[in-house]
Amino acid sequence: MSENVQRTLVVLKPDAVQRAIAGELLARFERRGLRIAALRLMRVSRALAETHYAVHAGKFFYDDLVKTISASPVVAIVLEGPNAIAVVRAMVGATRPHEAAPGTIRGDYALVGLRNLVHASDAPETAATEIALWFPEGVVSYTRDVERWMTDEGAPA
Ligand SMILES: Nc1ncnc2c1ncn2[C@@H]1O[C@H](COP(=O)(O)OP(=O)(O)OP(=O)(O)O)[C@@H](O)[C@H]1O
Ligand SMILES: [Mg+2]
């Protein structure tokens, strides 16, 4: 296999669900060619929020971060595809939306850091940890016929 196929965790945060753009944001990732390996609407417990954001414990925004992601349901998704981690991070854009480039999700839809709509894993190690945390039951493995038209697999024709 010539490609670096990866899985990454995406969380469409409460602001995405409340603004009724969760489907629109998921559609961007689907249209890019990424495959949905897991998908769930869920309320985030304080315990899950604290574990997920443990790396930020002690920072001035930590308490707000934990409260914000627990405030209303989220859509948790595992996406899969060649270089999925970097591809998704690039599509999401800079953490601070005023620094996010137009064309990115945060650059197109968000204004402030606590309402930046999307979480995305930032490295293979964190992706593996986060996927196990959010989807302890595991993800779904399958292929789509269209993949040969979007990946190196089987090319040419
Ligand atoms: N200086 C800040 N002020 C307020 N909120 C912040 C700040 N820095 C980060 N955050 C919030 O904490 C989240 C996690 O921060 P992190 O540095 O991991 O950014 P990120 O990797 O771009 O975002 P995410 O982890 O949500 O994908 C951000 O998405 C944002 O909601
Ligand atoms: Mg992060």
Side-chain angles (χ1 to χ4, degrees), residues 3-141 150:
E3 300 147 341
N4 178 28
V5 176
Q6 297 176 326
R7 285 179 182 151
T8 187
L9 179 80
V10 167
V11 180
L12 304 178
K13 298 183 189 180
D15 44 336
V17 175
Q18 289 288 336
R19 287 173 58 186
I21 54 174
E24 193 172 319
L25 301 184
L26 175 58
R28 287 191 166 209
F29 297 119
E30 267 197 299
R31 201 163 56 220
R32 184 73 187 263
L34 295 162
R35 183 170 63 217
I36 300 167
L39 176 66
R40 186 163 85 238
L41 177 84
M42 58 188 283
R43 193 175 277 282
V44 178
S45 67
R46 178 149 188 119
L48 174 57
E50 286 180 352
T51 306
H52 175 73
Y53 282 130
V55 68
H56 297 299
K59 295 184 185 168
F60 73 91
F61 57 85
Y62 174 72
D63 200 44
D64 285 344
L65 196 54
V66 167
K67 283 185 187 147
T68 301
I69 201 160
S70 317
S72 181
V74 303
V75 178
I77 308 163
V78 176
L79 295 174
E80 195 168 38
N83 306 301
I85 295 169
V87 165
V88 169
R89 291 284 291 187
M91 291 176 73
V92 168
T95 306
R96 298 174 351 150
H98 65 280
E99 295 170 353
T104 65
I105 290 172
R106 289 167 176 167
D108 285 352
Y109 293 87
L111 290 170
V112 297
L114 277 177
R115 302 290 190 201
N116 63 6
L117 294 167
V118 187
H119 163 80
S121 305
D122 59 13
E125 301 72 30
T126 45
T129 306
E130 291 174 357
I131 290 167
L133 176 67
W134 287 74
F135 290 96
E137 72 278 23
V139 305
V140 180
S141 294
M150 298 189 294

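Whatever order the structure lists them in is the order used to number ligands and atoms, beginning at 1.
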Novice: Report all protein residues having a heavy-atom distance below 4.0 Å to some atom of ligand 1; order the list by chain, then number.
Specialist: Lys13, Tyr53, His56, Phe60, Phe61, Leu65, Arg89, Thr95, Arg106, Gly113, Leu114, Asn116, Val118, His119, Ala120

Novice: Please check if the side chain of Arg19 supplies one atom and the backbone of Leu117 the other of a donor-acceptor pair under 3.5 Å.
Specialist: no

Novice: Does a side-chain heavy-atom distance below 4.5 Å link Trp134 with His52?
Specialist: yes

Novice: Side-chain contact test, heavy atoms from C-beta onward, threshold under 4.5 Å: evaluate it for Thr8 versus Glu130 and give yes or no.
Specialist: no

Novice: If you round to the nearest 0.5 Å, how far is CZ of Arg32 from CG of Leu79?
Specialist: 12.0 Å

Novice: Using the rule given for salt bridge (charged side-chain N to carboxylate O under 4.0 Å, His left out), can you reason through Glu24 versus Arg28, listing the C-alpha separation, both sets of side-chain angles and the distance that settles it, and then say yes or no?
Specialist: CA-CA 7 Å; Glu24 193 172 319; Arg28 287 191 166 209; over 6 Å; no

Novice: If you look only at pairs with a residue in residues 74-91, which of them pass as a side-chain hydrogen bond (donor to acceptor under 3.5 Å, both in side chains), with sequence neighbours excluded?
Specialist: Asn4-Asn83, Arg7-Glu80, Arg35-Glu80

